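Atom set for the values below is all heavy atoms of this structure, side chains included, hydrogens, waters and symmetry mates excluded. Treat the numbers as computed from the prediction; the structure is a model and nothing was measured.
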Amino acid sequence: MKRLTQAILLVLSGTGLLHIALLTDLYLRYVKEWMRPMLIASGVLLLLLGAADVWSHRRPGAPRDRGEQGTYEDHDGHPHDHSGVPRAAWLLLLPALSMLLYAPPALGAYTASRQTSQPVAVQQDHFEPLPALSPLPLTLGDFATRVRQDPEQAVKGRSIQMTGFVTPVERGEGWDLTRLLINCCSADAQAVKVRIHGGETPPADTWVTVVGTWRPDGTLGTSSAAVALDARTVRTIDRPADWYRDALVLPLAD
């Protein structure tokens with residue numbers, strides 16, 4: 001690979017990073033929001049490196065072809081060209097073009113179906129009273145924690161509202177309302193799930209808001225309690241911009 005081709009790949013990679021980080025929110029499919037400045041800085045750096053490579057190649061006196069650089073003779077006097085870089089560098093072309101033309105989708109039901117729900121948060125000694133809202137908006141993680149750790153059984157009989165995407169289950173009844181949480185990037189994604197009972201299973205990866213009540217299975221407030229909901233309504237919603245976050249949503253009318 002000649003230096004000009006190498007420079008073009010650097011420029012394409014930098015342009016792709018800047019495209020997803022500056023002009024769109026596509027970067028949220030792969031990393032957390034706080035990493036955006038680093039993506040922008042990396043894109044600018046790649047552009048500068050590519051431009052510097054082109055300039056050094058075009059400046060007066062610079063070698064123009066591989067006959068002028070990187071050609072060496074072995075002990076038998078045979079010329080060998082060492083001006084290229086490893087062919088694996090061509091692999092940069094695919095992610096660079098994908099960021100510009102077709103960004104890979106975010107993780108969803110396929111990934112979640114191959115994970116167990118991450119454990120409930122560390123033991124809490126005290127829970128704040130729940131607001132008098134109906135339905136009561138809770139994150140999936142907060143619901144799971146309340147179900148298995150709250151000795152006051154505050155969710156008992158309450159109309160609960162949660163939002164996530166649909167993950168079909170191969171065994172058992174119902175389907176999983178799911179969120180994928182990441183610490184840094186999509187490579188470390190962990191699933192949080194609540195089993196939903198009642199009605200038909202929506203298509204996989206559909207984002208929905210579910211309203212229902214805790215399914216009485218096990219002893220509420222202990223680890224035997226099922227992290228499950230008997231659904232009363234299931235409404236399709238638009239996918240949120242930041243889907244790797246177990247976020248609250250505004251309550252729906254009861």
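Between P202 and T236, the closest side-chain pair of non-hydrogen atoms is not below 4.5 Å. Taking the side chain as every heavy atom from C-beta outward, V211 and S159 approach each other to under 4.5 Å. Side chains of W243 and F165 form no contact here, defined as non-hydrogen atoms less than 4.5 Å apart. Residues V155 and D150 have side chains not in contact (no heavy-atom distance under 4.5 Å, counting atoms from C-beta outward).
The only member of V194, T139, D142, L248 that meets side chain to side chain contact (heavy atoms under 4.5 Å, CB included) when paired with M162 is V194.
Legend: residues meeting ring-ring contact (aromatic ring centres under 6.0 Å, His included) with F143, ordered by chain and number and at least two apart, are absent. With sequence neighbours left out, the side chain to side chain contact (heavy atoms under 4.5 Å, CB included) criterion links L47 to V11, T15, L18. Contacts of D230 classified as salt bridge (charged side-chain N to carboxylate O under 4.0 Å, His left out), with partners at least two apart in sequence or in another chain: R215. Taking R36 as the reference, nothing meets the salt bridge (charged side-chain N to carboxylate O under 4.0 Å, His left out) condition, with sequence neighbours excluded. Taking T222 as the reference, T219, S224 meet the side chain to side chain contact (heavy atoms under 4.5 Å, CB included) condition, with sequence neighbours excluded.
Closest approach of L17 and S42 over heavy atoms only: CD1-CB, 3.9 Å. Of all the heavy atoms in V234 and A231, the pair that sits closest is CG2-CB, 4.1 Å. Considering all non-hydrogen atoms of both residues, V166 and P203 come closest at CB-O, 3.5 Å. Scanning both residues, L39 and V31, for their nearest heavy atoms gives CD1-CG2, 3.8 Å.
Linking ILVMFWY residues whenever their side-chain heavy atoms come closer than 4.5 Å, directly or via other members, leaves L22 and L46 in distinct clusters.
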| field | Worked check of side chain to side chain contact (heavy atoms under 4.5 Å, CB included) between K193 and V227 | value | CA-CA 8 Å; K193 304 176 185 178; V227 183; over 6 Å; no
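A donor-acceptor pair under 3.5 Å links the side-chain atoms of W214 to the main chain of A226, judged by distance alone. Using a distance-only test at 3.5 Å, with no hydrogens or angles considered, a donor-acceptor pair links the side chain of Q153 to the main chain of L220. Remark: the backbone N or O of M35 is not paired with any side-chain donor or acceptor of Y27 at under 3.5 angstrom. Remark: side-chain polar atoms of R235 are not paired, donor with acceptor, to backbone N or O of T209 under 3.5 angstrom. With hydrogens and angles disregarded, no donor-acceptor distance shorter than 3.5 Å links the side chain of Q115 to the backbone of L180.
Pairs engaging residues 194-208 under the salt bridge (Lys or Arg N to Asp or Glu O under 4.0 Å) rule: D176-R195 [sequence neighbours left out].
Atoms CG and CD1, on D188 and I182 in that order, are 6.5 Å from each other to the nearest 0.5 Å. With values rounded to the nearest 0.5 angstrom, L140 atom CG is found 8.5 Å from L181 atom CG. How far CZ of R146 is from NZ of K156: 15.5 Å, rounded to the nearest 0.5 Å.
The number of heavy atoms from other shown groups lying within 6.0 Å of CZ (R158) is above 12.
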